[in-house]
Protein chains: 2
Amino acid sequence: MNKPSSTAMAVERLRNLIFKGELPPGSDHLETELAAQLGLSRTPVREALLVLESQGLVDVRPRKGVRIRPISPKDMAEIYDVLTELESLAARRAAEAGHDAEALAPLARSIDNMDRALASEDREAWASADDQFHMELVRLGQNARIASIVQMMADQVRRARQVTLYMRDPPLQSNDDHRRVLDAIASGAPDKAAQLHRAHRDAAKATLIALLETHQLKQL
Amino acid sequence: MNKPSSTAMAVERLRNLIFKGELPPGSDHLETELAAQLGLSRTPVREALLVLESQGLVDVRPRKGVRIRPISPKDMAEIYDVLTELESLAARRAAEAGHDAEALAPLARSIDNMDRALASEDREAWASADDQFHMELVRLGQNARIASIVQMMADQVRRARQVTLYMRDPPLQSNDDHRRVLDAIASGAPDKAAQLHRAHRDAAKATLIALLETHQLKQL
DNA sequence: GTATGCGTTAATGTATACATTAAGCAGGAA
DNA sequence: TTCCTGCTTAATGTATACATTAACGCATAC
C-alpha cells in the first residue's frame, strides 16, 4: 500500500472536480485558489495542473488562471476519429491474439452489465459498463500506447457524455454491436472485429454530433 | 517575441540531450544533477521532467533517478501501429478536404527535399525531410489531436531511427510511396490516399523491425 | 553464515520566500 | 475624447529551505 503523493492526489481530486462539473468547462481558476481549496501548497497543485494539461483537460494560461478546457463539437469529432481508429485496431489485434474464453470474460461481463443497466434504466450504470467495455477492449489489444491514448480521449469526452446521457434514447442497438464485436474476437476474425467496431464507433459519433447540433451545444 | 520560461527551455534542452544521445537510453539521472547541468534550480527541471514523462521520453522513478526510457522492438511495433492508423486517417482527411496546390506545396517540397538528400547521399537531410513530410501530412489532416500524438510517437522513435539510419540501404522506394500519397490527396481520393499510406507505413515497420532483429538491438 | 531490524542518509516531495512579468489603470499630452 | 506612458500590483515563475521517505549498511541475534 503505497502512500500517494500530494501531486497524485491533487491530480485525482481535480479530475473528479472537473468530471463532476464543480469546475465547469470554460471557467478560470488561480493556482492559489485551487491550492487553498485542496489544502495544499501551490507546488503539488502546479505539478498536477501540468499533468492535467498534458492530458488535455485544462489549459494553463499565464496570468489568466487555468481554464477548464471546453469541448466543442469539432473537438468531439476529432476525438471520436481517434477513438475509432485506435479501438478498431485494438479489436483487430485482440482477435489476432487468440484469447480464450477466460481472457474474454471481463469483456463479456461488461456487456452483461450494460444489458442489466438498460433493463433497469440505470443510465449511470450503463455509462460505467460502457467505459468498462472500451477499456477491456483496448487491454485485449495489447498495445499499451493505444490503451493510454484511448483512456485520455475518453476522459476528455466524459463530461459531454454525462450531459447527453439523459438526452437520448436508451442505446439499445449499441449492445448488439458490442456482442458482435466480442463474437468476432472470440472466433479469431480480425478483419471482421475491426470493421464491426469501426461501424459501431462511426454510428456513435454520428449520433452524438447530431445531438449536439440539435441542442445547439457549442461547448461542454 | 515571448521570453520562454526556464521550464520550457529545460524541456527543449533535455529533449535535445536525449536525441543527441548525451543522455543515453536506460541511463539514470538525479534531479539535482540535471539541474546543475542546466544551471537551474530543481523546480523548473522537475516540471520539465513531468512534461517529458507525459510524452513518454523518461520514467520518473522516485529515489532511483529519472530513467531515459529505452525503446524495445515491442515498443517500436506498438508505436508504428499507432502511427500507421493515425497517419492513414490523416491522409484520408487531407484528401477529403480538397486542398489546392498551394496548400499542398509544403508536402511536395518535403518530397523534393528527400529526393535531393538521396541524390547527395545526405542521410541526415533525408531524415529531416521525412519528418517534414509526416508532419505536413498530419497538418493537412486537420485533426490537432492526431497531429500531436503523431509528433509524440515520432519523438519516441527518433533515437532508433538515428541508429538505423546508416544501417540500411538508402530508402529509394520510400519516395515513390510518398509521391503516390501526395497524388491521391491532390486528386481527392481519400480511400486511395489512406490505403497507400498504410502500405507505406507497414513496409517501413517491417523493414525497421527486421533491422533491429538482425542486429540484435534489444533496446535503443 | 544468514537473516532481521534499526539507524543513517541521500534523494525526492512539499512548503514557502522571493523575483519577474504582464495586465490594467491613472494621468497627462495630443 | 483618445492614445500613450509608466506605475502598481496581482499572479505566475523560480529558488531555496525544510520534511519525508525509502535504500543501504551495519550490528546483533539466531
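On a predicted model such as this, the values are computed, not experimentally measured, just so you know. Convention: sequence-line order gives letters A, B, ...; per-chain numbering from 1. When reading the values below, keep in mind they use all heavy atoms of this one structure, side chains included, and skip hydrogens, waters and symmetry mates.
Paired with A:Q55 under the rule side chain to side chain contact (heavy atoms under 4.5 Å, CB included), one option of A:Q151, A:R69, A:M153, A:R15 passes, and it is A:R15.
B:R67 places no side-chain N or O within 3.5 Å of a backbone atom of B:S27 that could act as its donor or acceptor partner. For the pair B:T164 (side chain) and B:M167 (backbone), a donor-acceptor distance under 3.5 Å is absent. The backbone N or O of B:D112 lies less than 3.5 Å from no partner atom in the side chain of B:D115, so there is not a single donor-acceptor pair.
Only at 4.0 angstrom or more do the heavy atoms of residues 27-36 of chain B sit from any atom of DNA chain D, so none qualifies. For the segment residues 10-17 of chain B, the set of residues with a heavy atom within less than 4.0 Å of an atom of DNA chain C is empty. Within residues 43-64 of chain B, the residues that place at least one heavy atom under 4.0 Å from DNA chain D are, in residue-number order, B:T43, B:P44, B:R63.
Counting only N and O atoms by type, the side chains of B:R13 and B:N16 include no donor and acceptor under 3.5 Å apart.
Legend: residues meeting side chain to side chain contact (heavy atoms under 4.5 Å, CB included) with A:P44, ordered by chain and number and at least two apart, are A:S6, A:T7, A:L40, A:S41. Every residue was checked against the side-chain hydrogen bond (donor to acceptor under 3.5 Å, both in side chains) condition with B:K218, not counting sequence neighbours, and none meets it.
The side chain of B:R42 has C:dT12 as its nearest neighbour among D:dT12, D:dA15, C:dT12.
With respect to the salt-bridge test (charged N to carboxylate O, under 4.0 angstrom), the residues B:R161 and B:D131 qualify. Here A:K64 does not pair with A:D28 in a salt bridge; the nearest charged N to carboxylate O distance is not below 4.0 Å.
Sorted by first then second residue, the side-chain hydrogen bond (donor to acceptor under 3.5 Å, both in side chains) pairs that include residues 77-91 of chain A, not counting sequence neighbours, are A:K74-A:E78, A:E78-B:R145, A:D81-A:K205, A:D81-B:R93, A:E85-A:R198, A:E87-A:H134, A:E87-A:H197, A:E87-A:R201.
In this structure, B:M9 places its CE atom 15 Å from P of D:dG13, rounding to the nearest Å.
Between B:S6 and D:dT14 there is a side-chain N or O to OP1 or OP2 distance below 4.0 Å. For B:T7, no side-chain nitrogen or oxygen approaches OP1 or OP2 of D:dG13 to under 4.0 Å.
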